[in-house]
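First the structure, in the form of structure tokens, and then the observations on it.
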Protein chains: 2
Amino acid sequence: MVDHQEATLDTVFQALADSTRRAMLRTLAEDGEKSVSALASPYSMTLAGASKHVKVLEAAGLVRRRVEGRIHYCRLEAARMAEAEAWLRYYERFWTRRLDTLEALLKAEDEQAGEGKRL
Amino acid sequence: MVDHQEATLDTVFQALADSTRRAMLRTLAEDGEKSVSALASPYSMTLAGASKHVKVLEAAGLVRRRVEGRIHYCRLEAARMAEAEAWLRYYERFWTRRLDTLEALLKAEDEQAGEGKRL
DNA sequence: CTGATGATCAACCATATGGTTTATAATATC
DNA sequence: GATATTATAAACCATATGGTTGATCATCAG
């Protein structure tokens, strides 16, 4: 059980340790479903290269694929990030002494990302 | 600036993508300062191997080193995790949506069934 | 000074990673 | 059927990674 979780954290953190893949996840978060070539288009990289990145994300459980004809539609599967975030959250108490700095960071991130999410 | 942040996320996530290094960080969080060999002792690995892991953590800014005589004392530098956690936190809404929905459901049910109910 | 200890460095090895090119499979379109 | 489009697969390449062994350095204890 614990081993499985450790392996999951390995693959998730590994998948996140590449800026192209992180940008792909961000695109999926913003735009919803996208084909592989649509995901690939922003990058100066062959389609085959981008396809491999998508495969890494899929293997990490961060992306789900739905094949329709010759098009592979990808969508974000964010749940897998929960474990990673929980892992990091444990360490929050070690940096929250500088609470102001953190709060500023999160607030900036929040305003940049979540528009009109308030109820 | 953004590039620098991306590079930081690269190295931090990369450093976290190894269970030995994550365990070392946990040890430092629990026990405070530890020497390199003390950090290495739980693992069936040469001291040189463990030393390389410590170096990776140090390069990622997750560990600080204080040399005293021949002993290198390491301590956790958790602040660097804040960016990584902030990055992940953006995606929280994609996995908590189900919880939000559930919560709304329960709240409606609660209001319909029992008045003045405490949360 | 001698020897043991804590740690790094350098060289090496096997495998993984990020990328390419070329080929192939599957599906649209003409 | 012929051809173009979407995507993967396979082979390859350079570099990175996780680990080892052996040498070296610095320091502490006799």
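In the text below, chain A, chain B and the rest are named by the order of the sequence lines, each starting its count at 1. Since we're looking at a predicted model, the values are computed, not measured. Hydrogens, waters and symmetry mates are skipped; everything else that's a heavy atom, side chains included, is used.
Among all heavy-atom pairs drawn from S51(B) and V36(B), the shortest one is CA-CG1, 4.2 Å. The two residues A60(A) and V12(A) have their closest heavy-atom pair at O-CG2, 3.8 Å.
Among the nucleotides dA7(C), dG22(D), dT20(C), the one closest to any side-chain atom of V36(B) is dA7(C). When each of dG18(D), dT20(D), dT17(C) is scored by its nearest atom to the side-chain atoms of T46(B), the top-ranked nucleotide is dT20(D). Minimum atom distance to the side chain of K55(B) is reached by dC9(C), of the listed dG18(C), dC9(C), dG18(D).
Here dG18(D) presents its P atom at 14 Å from OH of Y43(B), a figure rounded to the nearest Å. In this structure, L47(B) places its CG atom 13 Å from C1' of dT20(D), rounding to the nearest Å. If you measure from atom CZ of R70(A) to atom C1' of dA25(C), you get 13 Å, rounded to the nearest angstrom. Atom P of nucleotide dA7(C) and atom CZ of R66(B) are separated by 12 Å, given to the nearest angstrom. Look at CD1 on I71(A): it is 8 Å from P on dA28(C), rounded to the nearest Å. Here dT20(C) presents its P atom at 6 Å from CE of M45(A), a figure rounded to the nearest Å. Across the protein-nucleic acid pair, D18(A) atom CG and dA16(C) atom P stand 18 Å apart, rounded to whole Å. In this structure, the NZ atom of K52(A) is 8 Å from the C1' atom of dT17(C), given to the nearest Å.
Phosphate proximity of dG19(D) to H53(B): present, with a side-chain N or O under 4.0 Å from OP1 or OP2. OP1 or OP2 of dA7(D) has not a single side-chain nitrogen or oxygen of S51(A) nearer than 4.0 Å. Distances shown here put a side-chain N or O of S37(B) below 4.0 Å from the OP1 or OP2 atom of dA7(C).
Note on S35(A): only backbone sugar-phosphate atoms sit closer than 4.0 angstrom, heavy atoms only; bases stay farther off. Heavy atoms of G69(B) sit under 4.0 angstrom from primed sugar atoms or phosphate atoms, though from no base atom.
The CZ atom of R22(A) sits 10.0 Å away from atom CG of L88(B), with the distance rounded to the nearest 0.5 Å.
Annotation: cation-pi pair R93(A)/Y90(A) present, NZ/CZ under 6.0 Å from the ring centroid and within 45° of its normal.
Each of Y73(B) and R21(A) lies near DNA chain C, and the nucleotide nearest Y73(B) is the one positioned closer to the 5' end. Both A48(B) and V56(B) sit near DNA chain D, but only V56(B) has its closest nucleotide nearer the 5' end.
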R75(A) and E33(A): salt bridge (charged side-chain N to carboxylate O under 4.0 Å, His left out), yes or no, with the steps? CA-CA 5 Å; R75(A) 57 182 274 262; E33(A) 259 187 357; 5.3 Å; no
